[in-house]
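Encoded as structure tokens, the structure appears first; notes follow it.
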Amino acid sequence: MDADRTLSIEDTGRSVGAALGLNDQIRSIFERLGYEDDAFSAVSAVWSAVDVSAYSSEIERVAESVALRDCWQQILGDVLGEVPVVVLTAGIPQIWRKVLERHGFLGVPVLGGSHSALDDYVVSARAKGDVVRALRDEGWLVLAAGDSCVDLPMLAAADAALFVPDSKGSPALRAALADMKMASVCHLIVDEQRFDDLDSCLPSDVPQLIFQGGMNIAN
């Protein structure tokens, strides 16, 4: 699953970037390069130019304020110990490790990287899809969850996908999913807002979806 705006409503990278005055620079990179690997490497270079102590201080501040969506607390509580769960983030992994630990989910690995002094690699949109395909090649059935076009390769490569819209309904991802006519995607109901006509599933449905091996139980 994705992290920012999927596990919570917050975009934690944007919060850290705002405090450090980096958001305009980061946004311009993605506007120029799109969601290609080079863009994520360039953004990592921006983060890596920040003093580690200042970067770490903002990580601590932001991580303390982030709350997991209630639905994910319910889902993770029901499935952990039964199936592996992995968070793939193109954001700042240290924040999500702290957030998950604070909510009692210490055993959930977070794969990601932003600052070269702290991380060994960067996770791009393409890398998210590569991880899913590698898991499927090993024989796993994969359910993926995400909110943006950065998550599209991951959602498209999975056996089944959960669309978790942001506060604006994730219009770019919604349009991309519609163009792809993915039959295996459903809208995870995280609040009362609906922006689409996708099949929907409740948080209480997700463990059944997982335990039945991706069988479509959307309603």
Side-chain angles (χ1 to χ4, degrees), residues 1-15 62-112 123 128 131-132 135 140-148 150-152 154-155 157-170 173-174 177 182-219:
M1 63 184 68
D2 176 49
D4 291 290
R5 298 186 303 184
T6 297
L7 287 177
S8 73
I9 63 172
E10 291 89 359
D11 185 330
T12 62
R14 185 171 296 176
S15 296
V62 172
E64 282 300 315
S65 68
V66 175
L68 291 182
R69 294 182 190 268
D70 290 342
C71 65
W72 286 115
Q73 295 189 59
Q74 176 184 344
I75 293 166
L76 291 174
D78 287 342
V79 305
L80 279 179
E82 302 293 333
V83 296
V85 176
V86 178
V87 173
L88 291 175
T89 179
I92 300 173
Q94 290 83 3
I95 290 178
W96 292 103
R97 292 175 188 135
K98 293 177 183 295
V99 171
L100 288 163
E101 180 177 1
R102 181 159 53 81
H103 286 80
F105 302 119
L106 180 61
V108 177
V110 179
L111 306 184
V123 170
K128 289 190 174 193
V131 169
V132 171
L135 290 171
W140 291 99
L141 291 171
V142 180
L143 173 66
D147 72 279
S148 79
V150 176
D151 305 313
L152 184 59
M154 173 177 70
L155 300 177
D159 294 281
L162 297 176
F163 171 64
V164 186
D166 63 21
S167 60
K168 297 180 180 178
S170 300
L173 176 59
R174 191 168 73 244
L177 292 172
M182 288 177 57
S184 59
V185 61
C186 68
H187 177 139
L188 177 63
I189 301 298
V190 297
D191 53 37
E192 296 181 354
Q193 298 187 93
R194 284 304 302 267
F195 305 86
D196 56 81
D197 58 0
L198 291 171
D199 289 336
S200 63
C201 60
L202 297 170
S204 58
D205 294 327
V206 174
Q208 183 182 352
L209 180 65
I210 292 171
F211 298 141
Q212 290 183 355
M215 183 183 298
N216 187 358
I217 61 166
N219 45 73

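Ion pairing between Asp4 and Arg14 fails under the 4.0 Å rule for side-chain N and carboxylate O.
Residues forming a side-chain hydrogen bond (donor to acceptor under 3.5 Å, both in side chains) with Thr89 (at least two apart in sequence, or on another chain): none. In terms of the side-chain hydrogen bond (donor to acceptor under 3.5 Å, both in side chains) criterion, Ser148 has no residue partners (sequence neighbours excluded).
Judged purely by distance below 3.5 Å, without hydrogens or angles, the side chains of Glu10 and Ser8 pair a donor atom with an acceptor atom.
Note that the SG atom of Cys186 and the CG atom of Leu162 stand 5.0 Å from one another [nearest 0.5 Å]. Going from atom CG of Asp147 over to atom CG of Asp166 covers 6.0 Å, rounded to the nearest 0.5 Å. Rounding to the nearest 0.5 Å gives a distance of 8.5 Å between NZ of Lys98 and CD of Glu64. Taking CG of Asp151 as the start and CE of Met1 as the end, the distance is 11.5 Å to the nearest 0.5 Å. Rounding to the nearest 0.5 Å gives a distance of 9.5 Å between CZ of Phe163 and CG of Leu155.
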Listing, residues 68-75 side-chain donor-acceptor contacts under 3.5 Å, not counting sequence neighbours, or none:
unit_1	atom_1	unit_2	atom_2	d
Arg69	NE	Thr6	O	3.0
Arg69	NH2	Arg5	O	3.1
Trp72	NE1	Thr6	O	2.9
Gln73	NE2	Leu68	O	3.3

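Val99 is not listed as a side-chain neighbour of Leu7, based on a closest heavy-atom distance of 4.5 Å or more.
By the 6.0 Å contact criterion, CG on Leu135 is enclosed, its count of non-hydrogen atoms from other residues, nucleotides or ligands being greater than 12.
Gly146 and Asp2 get closest at one heavy-atom pair: CA-CB, 3.9 Å. Taking all atoms of both residues into account, the shortest heavy-atom contact from Ala90 to Val150 is CB-CG1, 4.1 Å.
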